[in-house]
Protein chains: 2
Amino acid sequence: MLLFSERLHVGVNKPVKKTKRATIEDVARKAGLSKTAVSFVFNGRSGVSAESQKRIMQAAEELGWRPDARARALSLSQTHVLGLVVKRDPSLLSTDPFFAGFVSGVQMGLAEHNYSLMLQVVSDTEAERLAYQQLVREAKVDGVFLTDLETEDFRPRLLTTLRIPIVVVGPPSHETENVAAVEMNDAAGVKRAVQHLAALGHKVIGHVSGNDKYVHTRSRRDAWIETLEELGLPQGPYISADFTGEGGARATHELLDLPNAPTAIVYGNDLMAIAGMFAAGDRGLSVPNDLSVIGFDDIPLAPYVTPRLTTVRQNAIEWGRCAALTLIALVENRPFPEFEMPPVEFIVRSSTGPAPHLPPAVTAPNHDR
Amino acid sequence: MLLFSERLHVGVNKPVKKTKRATIEDVARKAGLSKTAVSFVFNGRSGVSAESQKRIMQAAEELGWRPDARARALSLSQTHVLGLVVKRDPSLLSTDPFFAGFVSGVQMGLAEHNYSLMLQVVSDTEAERLAYQQLVREAKVDGVFLTDLETEDFRPRLLTTLRIPIVVVGPPSHETENVAAVEMNDAAGVKRAVQHLAALGHKVIGHVSGNDKYVHTRSRRDAWIETLEELGLPQGPYISADFTGEGGARATHELLDLPNAPTAIVYGNDLMAIAGMFAAGDRGLSVPNDLSVIGFDDIPLAPYVTPRLTTVRQNAIEWGRCAALTLIALVENRPFPEFEMPPVEFIVRSSTGPAPHLPPAVTAPNHDR
DNA sequence: TTGAAAGCGCTAACAG
DNA sequence: CTGTTAGCGCTTTCAA
């Protein structure tokens with residue numbers, strides 16, 4: 001039976017009767033043994049005869065009993081829950097291919113050790129600070145993940161003060177010193193991208209980065225700069241945008257308005273890159289004939305836009321799994337496991353091509369060699 | 001200090017010293033009052049003098065104390081945690097704009113009542129069943145959300161048996177009978193889409209749906225069929241795909257290979273729609289001149305593909321918030337709150353246009369009027 | 001190999 | 001208004 005309205009349905013409010021849950025006591029009684037025995041069996045400890053063990057398992061089965069996580073948490077001073085706080089504009093979150101993959105990976109890691117994930121989405125720094133404080137002070141979690149590190153991030157200090165295990169996920173930076181960190185080399189991806197463009201003959205290679213406050217934004221930009229230097233190419237122009245389509249389109253226009261407009265642009269993510277191609281099209285430019293474009297993330301849509309997007313792919317899932325296993329090891333005070341991380345992939349599709357013969361604007365000054 | 005490798009960094013394993021947490025006892029002693037007084041103050045109950053209240057708050061502040069969630073959970077037989085289990089191929093998850101918005105909305109609702117969210121991502125039905133069982137049998141959550149309902153879904157029954165409050169999120173169906181449900185009318189969006197196409201003169205309107213097992217897939221397809229009927233148009237061809245880009249492209253080719261190929265296609269999501277446009281382009285068809293395309297979701301990229309995608313937008317955030325508030329009410333055995341849900345939006349961009357004069361294939365048989 | 005009993009930190013009767 | 005006390009369901013020490 002449902003109450004129907006144009007906008008929303010709500011079914012009957014049939015209160016769920018709270019039937020008494022079976023307890024360890026019940027299981028022990030049914031098995032004719034003590035609580036201790038039951039506890040030992042369910043925690044895989046020796047000291048219970050095979051016979052008793054069987055009786056206990058059967059009793060538990062019949063009662064549908066499993067140790068109560070709340071009671072365990074209190075008794076062990078350990079929740080077996082890890083926290084992930086994500087600060088992001090809700091509308092942007094849906095955009096973020098990293099997030100979903102990372103969370104999936106985290107789950108895989110957690111599942112291997114029977115941990116659970118508590119997720120919190122917040123929209124500003126104040127809420128974020130509060131979220132961490134609550135998580136820790138109310139002992140809701142045993143450890144937390146730190147993602148999207150910012151320059152001068154307050155979280156490593158805060159959480160160290162709060163005395164809770166953390167693992168930082170992201171590119172290396174001075175913020176991650178003295179802290180467990182699963183660091184991925186997304187710089188390598190950008191490097192491959194720039195090298196690819198240089199090999200195609202591009203001389204002016206621009207960059208549209210994400211929001212400047214993020215460590216990973218800097219890390220990618222630095223990689224772009226360094227690679228250009230290594231190749232003996234002049235540093236191209238760049239604009240720091242905000243990871244949104246609108247920002248990417250605007251930045252692209254600004255770059256193309258420049259006197260030394262780039263013939264190729266490396267973007268901080270796929271969304272900006274695709275919006276950038278759109279912007280280029282708006283100006284009558286053809287990708288990749290007039291402009292080459294490279295994204296970052298390899299979203300599922302990347303092979304289905306026109307032209308198909310050349311991009312960098314990171315294995316967010318593996319990254320998440322490693323982060324989870326590392327944090328669990330830290331929480332349990334065990335040595336870190338060894339990981340074999342797949343390398344960053346560079347995927348060439350159709351949005352990159354040879355540099356145009358005639359630069360779209362004034363010839364850029366060509367330094368040495 | 002960091003150990004560096006090409007693939008992965010792991011920082012120092014500096015074990016966090018477990019310093020003794022302050023307890024309610026400590027706070028009471030420091031304030032010169034009893035535990036009861038402290039408990040009352042922190043649970044907003046009357047019966048403590050303003051003077052005592054102040055002393056308690058100050059003592060707690062100085063000790064950095066907050067009630068331990070684990071102890072509260074045990075004492076109250078209530079975790080203040082709600083569970084969300086998502087069964088999805090990890091690679092597909094990152095695609096799903098609904099998921100992120102929904103989770104954000106859920107958080108908003110939870111935050112209003114100091115609840116937390118436990119998230120679990122699983123990849124198959126067996127893992128899913130196990131996840132729910134654990135969540136409930138180990139009392140890790142007070143209630144759970146059910147999303148992506150399938151036809152003949154085992155979950156409503158399972159969870160009812162397990163005696164835990166649930167709220168189903170999705171379009172109405174017989175699976176949601178006798179169960180609290182926040183139901184959204186995504187059929188209305190499809191209806192608007194079909195009407196829009198009919199108004200543009202399209203006679204053969206096709207449909208590419210998502211995986212058939214989902215209730216929302218059926219709901220959208222039924223809306224497409226019914227609207228066509230209402231408009232006196234013949235039922236167009238449809239293919240049920242799988243929400244992926246590849247599936248969408250393949251389905252589009254199949255549809256366009258048909259003798260009565262559609263001049264317009266309504267897709268079950270944006271990803272398939274965009275891949276469909278790509279497929280059309282591959283065959284030398286121009287969108288919207290030869291084929292009109294409508295998506296579903298309004299992903300951030302929708303305005304930045306060529307042509308800009310006409311689509312349906314649901315307010316996943318509000319949906320999530322409502323679901324959360326409903327579930328909390330259910331858990332606390334309170335009457336359901338009233339909601340004012342924003343209506344589904346239909347967003348016209350450039351991927352839809354007048355029906356072509358000459359159908360791309362054989363003329364479709366034109367029934368009555 | 002088994003069991004009794006003392007916590008874990010909080011809430012909530014109940015008595016003062 | 002304030003304090004005492006008995007749980008909540010489990011783990012774990014210690015003695016049998």
Side-chain angles (χ1 to χ4, degrees), chain A residues 18-57 59-60 63-81 114 134 136-142 332, chain B residues 18-56 59-60 63-81 114 134 136-140 142 332:
Chain A
K18 300 252 175 184
T19 85
K20 212 73 186 136
R21 295 170 53 89
T23 73
I24 193 173
E25 182 86 55
D26 300 328
V27 176
R29 195 175 317 120
K30 182 153 201 159
L33 291 162
S34 73
K35 295 197 300 178
T36 310
V38 179
S39 177
F40 273 36
V41 168
F42 271 78
N43 289 297
R45 294 166 66 141
S46 58
V48 181
S49 69
E51 166 61 19
S52 300
Q53 216 163 111
K54 190 183 290 177
R55 287 227 305 281
I56 287 170
M57 288 309 285
L63 293 170
W65 179 85
R66 302 268 299 148
D68 184 312
R70 299 165 301 191
R72 284 192 102 226
L74 182 58
S75 187
L76 296 170
S77 299
Q78 239 246 68
T79 60
H80 265 68
V81 176
N114 270 294
Q134 288 209 171
V136 179
R137 306 253 298 256
E138 300 181 8
K140 291 182 169 171
V141 298
D142 296 335
E332 301 185 344
Chain B
K18 299 254 174 185
T19 87
K20 211 75 186 137
R21 295 170 53 89
T23 74
I24 195 173
E25 182 85 55
D26 300 327
V27 176
R29 194 175 317 120
K30 182 155 202 158
L33 291 162
S34 74
K35 293 196 302 178
T36 309
V38 179
S39 176
F40 273 35
V41 169
F42 272 78
N43 290 298
R45 295 168 64 141
S46 59
V48 181
S49 68
E51 167 61 19
S52 300
Q53 216 163 113
K54 191 183 290 179
R55 288 227 306 281
I56 286 170
L63 293 170
W65 180 85
R66 302 266 299 147
D68 184 312
R70 298 166 300 192
R72 282 191 103 226
L74 182 57
S75 188
L76 295 170
S77 297
Q78 239 247 70
T79 59
H80 265 67
V81 176
N114 269 295
Q134 287 211 170
V136 178
R137 306 251 300 255
E138 299 180 8
K140 291 183 169 171
D142 297 334
E332 301 185 344

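Within every chain, numbering begins at 1; the chains are lettered A, B, ... in the order of the sequence lines, protein sequences first and strands thereafter.
- Per the geometry, CZ belonging to R55(A) stands 12 Å off C1' belonging to dT1(C), to the nearest Å.
- The side chain of L33(A) lies closest to dG3(C), out of dC10(C), dG3(C), dT4(D).
- Taking the side chain as every heavy atom from C-beta outward, S39(B) and I24(B) approach each other to under 4.5 Å.
- Rounding to whole angstrom units, CG of residue L74(A) and C1' of dT11(C) are separated by 12 Å.
- V38(B) comes within contact range of no nucleotide atom at all, as no heavy-atom separation falls under 4.0 Å.
- Within the 4.5 Å cutoff, the side chain of R21(B) has heavy atoms near those of the D68(B) side chain.
- A sub-4.0 Å separation between OP1 or OP2 of dC8(D) and a side-chain N or O of S75(B) is absent.
- Contact check, R72(A) against dT11(D): a side-chain N or O comes under 4.0 Å of OP1 or OP2.
- Residue S49(A) is the one, among L76(A) and S49(A), whose nearest nucleotide of DNA chain C lies closer to the 5' end (criterion: closest heavy atom).
- Across the protein-nucleic acid pair, D68(A) atom CG and dC8(D) atom P stand 12 Å apart, rounded to whole Å.
- Separating the CZ atom of R29(B) from the P atom of dG9(C) is a distance of 12 Å, rounded to the nearest angstrom.
- Interface remark: the S39(B) side chain does not form any donor-acceptor pair with the dA12(C) base, using a distance-only criterion of under 3.5 Å.
- Across the protein-nucleic acid pair, E138(B) atom CD and dG9(D) atom P stand 15 Å apart, rounded to whole Å.
- Donor-acceptor pairing under 3.5 Å, judged by distance alone, is present between the side chain of T36(A) and the base of dT12(D).
- At least one side-chain nitrogen or oxygen of S52(B) sits closer than 4.0 Å to the OP1 or OP2 atom of dT2(D).
- Of the possible donor and acceptor atoms, none in the side chain of R70(B) sits under 3.5 Å from a partner among the backbone N and O of A71(A).
- Put simply, CZ on F40(A) is 8 Å from C1' on dT11(D), counting in whole angstrom units.
- In this structure, K35(B) places its NZ atom 7 Å from C1' of dG9(C), rounding to the nearest Å.
- At least one side-chain heavy atom of Q134(B) sits less than 4.5 Å from a side-chain heavy atom of N114(A).
- Residues R66(B) and F42(B) have side chains in contact (heavy-atom distance under 4.5 Å, counting atoms from C-beta outward).
- Between the CG atom of N43(B) and the C1' atom of dA13(C) there is a distance of 15 Å, rounded to whole Å.
- At least one side-chain heavy atom of L33(B) sits less than 4.5 Å from a side-chain heavy atom of I56(B).
- In the interface, the side chain of S77(A) is not paired with the base of dG9(C) through any donor and acceptor atom under 3.5 Å apart.
- D142(B) places a side-chain N or O within 3.5 Å of a backbone atom of T79(B) that can act as its donor or acceptor partner.
- In the helix from dT1(C)-dA16(D) to dG16(C)-dC1(D), the terminal helix axes, each the rotation mapping four pairs' C1' atoms onto the next four within five end pairs, subtend 40°, rounded to 10°.
- Heavy-atom distances to DNA chain D give each of I24(A) and G47(B) a nearest nucleotide, and the one nearer the 5′ end belongs to G47(B).
- There is a side-chain donor-acceptor pair under 3.5 Å between S49(B) and S52(B).
- OP1 or OP2 of dT12(D) sits under 4.0 Å from a side-chain N or O of R45(A).
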